[in-house]
Amino acid sequence: MNHWLMKSEPDAFSIDDLKRKKREAWDGVRNYQARNFMRDGMRPGDKVFFYHSNCAVPGIVGIAEVASDAYPDPSQFDPESKYFDPGSSRDKPRWMLVDVKFVKKLKRTISLDEMKNDPALAEMPLLRKGNRLSVMPVDAAHWKYILALE
DNA sequence: GCCAACGTTGGC
DNA sequence: GCCAACGTTGGC
């Protein structure tokens, strides 16, 4: 089983939104590397750190679980959607997504600041300078370590 | 709101 | 295939 981290802006979709809806199609990813992680790396049952970005205290706020295999992101075909991609087609869909389901909220936010200041986490992809990926893998060791911080 | 660090696009 | 221009992400 693999572990992941997925970013979301809480103003757009927060951990509380996922808790309320229980399950959500993770649409709108328009980065090839992030797509490849979802398409090629994720399997149902994989665990996910839910990360809030672009907010007062960015950090890990909860845990989710991959709830489907990857399938074409419907929003790429919808001209009304802001995620519409005229370069994609139903024959050859460019963008894939997975469903994720709510597992739990952490008792507290494991903030980006805290992780940045922890030498044990220095090698996390999340903390690499300039990393803007919204979907990325998490080492099993880092996963375990962060859970213990809660 | 600013801007650094990217990724993508398109002219050549 | 290079690279300048442009758009986006996301911390601050």
Side-chain angles (χ1 to χ4, degrees), chain A residues 2-21 24-42 46-67 70-139 141-143 145-150:
Chain A
N2 292 317
H3 300 89
W4 307 93
L5 182 143
M6 297 171 94
K7 296 180 183 174
S8 184
E9 301 189 14
D11 287 349
F13 189 78
S14 72
I15 187 72
D16 291 315
D17 293 326
L18 183 63
K19 184 177 184 181
R20 183 164 35 82
K21 298 185 70 177
E24 181 79 355
W26 203 264
D27 67 359
V29 172
R30 294 294 180 269
N31 170 283
Y32 288 104
Q33 205 178 344
R35 177 204 66 185
N36 293 347
F37 283 135
M38 288 197 290
R39 185 189 61 190
D40 307 329
M42 287 189 179
D46 284 359
K47 292 293 193 299
V48 178
F49 280 142
F50 195 108
Y51 178 97
H52 279 175
S53 66
N54 243 317
C55 55
V57 184
I60 296 167
V61 294
I63 296 176
E65 182 179 316
V66 177
Y71 62 95
D73 180 343
S75 66
Q76 70 194 302
F77 308 125
D78 177 6
E80 302 301 311
S81 170
K82 65 173 175 174
Y83 299 124
F84 178 61
D85 183 352
S88 185
S89 70
R90 289 182 188 276
D91 292 347
K92 285 198 149 192
R94 182 178 286 173
W95 305 111
M96 307 288 281
L97 55 70
V98 296
D99 291 350
V100 301
K101 64 182 181 192
F102 178 79
V103 174
K104 67 168 189 170
K105 278 180 78 168
L106 296 187
K107 294 187 196 76
R108 67 181 189 90
T109 299
I110 311 294
S111 71
L112 176 63
D113 189 57
E114 178 177 354
M115 291 188 281
K116 277 201 298 200
N117 286 309
D118 192 328
L121 300 175
E123 299 305 314
M124 277 190 85
L126 173 69
L127 305 179
R128 270 207 298 266
K129 187 185 170 90
N131 181 20
R132 300 177 314 165
L133 268 182
S134 62
V135 177
M136 69 189 88
V138 176
D139 283 357
H142 290 149
W143 178 275
Y145 184 87
I146 290 168
L147 278 185
L149 293 176
E150 181 190 6

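Chain letters run A, B, ... following the sequence lines, proteins first and then strands; every chain starts at 1. Note that this is a predicted model, so its numbers are computed, not measured.
- A salt bridge is absent between A:Glu65 and A:Lys104; no separation between the charged side-chain nitrogens and carboxylate oxygens falls under 4.0 Å.
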Pairwise N/O distances under 3.5 Å, protein to nucleotides 7-11 of chain C:
unit_1 : atom_1 : unit_2   : atom_2 : d
C:dT8  : O2     : A:Arg132 : NH1    : 2.4
C:dT9  : O3'    : A:Arg132 : O      : 3.2
C:dG10 : OP1    : A:Lys7   : NZ     : 3.0
C:dG10 : OP1    : A:Arg132 : O      : 2.8
C:dG10 : N7     : A:Asn54  : ND2    : 3.4
C:dG11 : OP1    : A:Tyr51  : OH     : 2.7
C:dG11 : OP2    : A:Asn54  : N      : 3.0

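- Between the NZ atom in A:Lys105 and the NZ atom in A:Lys19 there is a gap of 6.0 Å [rounded to 0.5 Å].
- With hydrogens and angles left out, the side-chain atoms of A:Ser14 and A:Arg20 include no donor and acceptor closer than 3.5 Å.
- At the phosphate of B:dA4, neither OP1 nor OP2 sits under 4.0 Å from any side-chain N or O atom of A:Lys129.
- Screening residues 126-135 of chain A for salt bridge (Lys or Arg N to Asp or Glu O under 4.0 Å) gives no qualifying pairs among residues at least two apart or on separate chains.
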For residues 48-59 of chain A, run the donor-acceptor check on the side chains, cut-off 3.5 Å, and write out each pair with its distance to 0.1 Å, sequence neighbours left out.
unit_1  : atom_1 : unit_2  : atom_2 : d
A:His52 : NE2    : A:Ile15 : N      : 3.1
A:Asn54 : ND2    : A:Glu9  : OE2    : 3.1

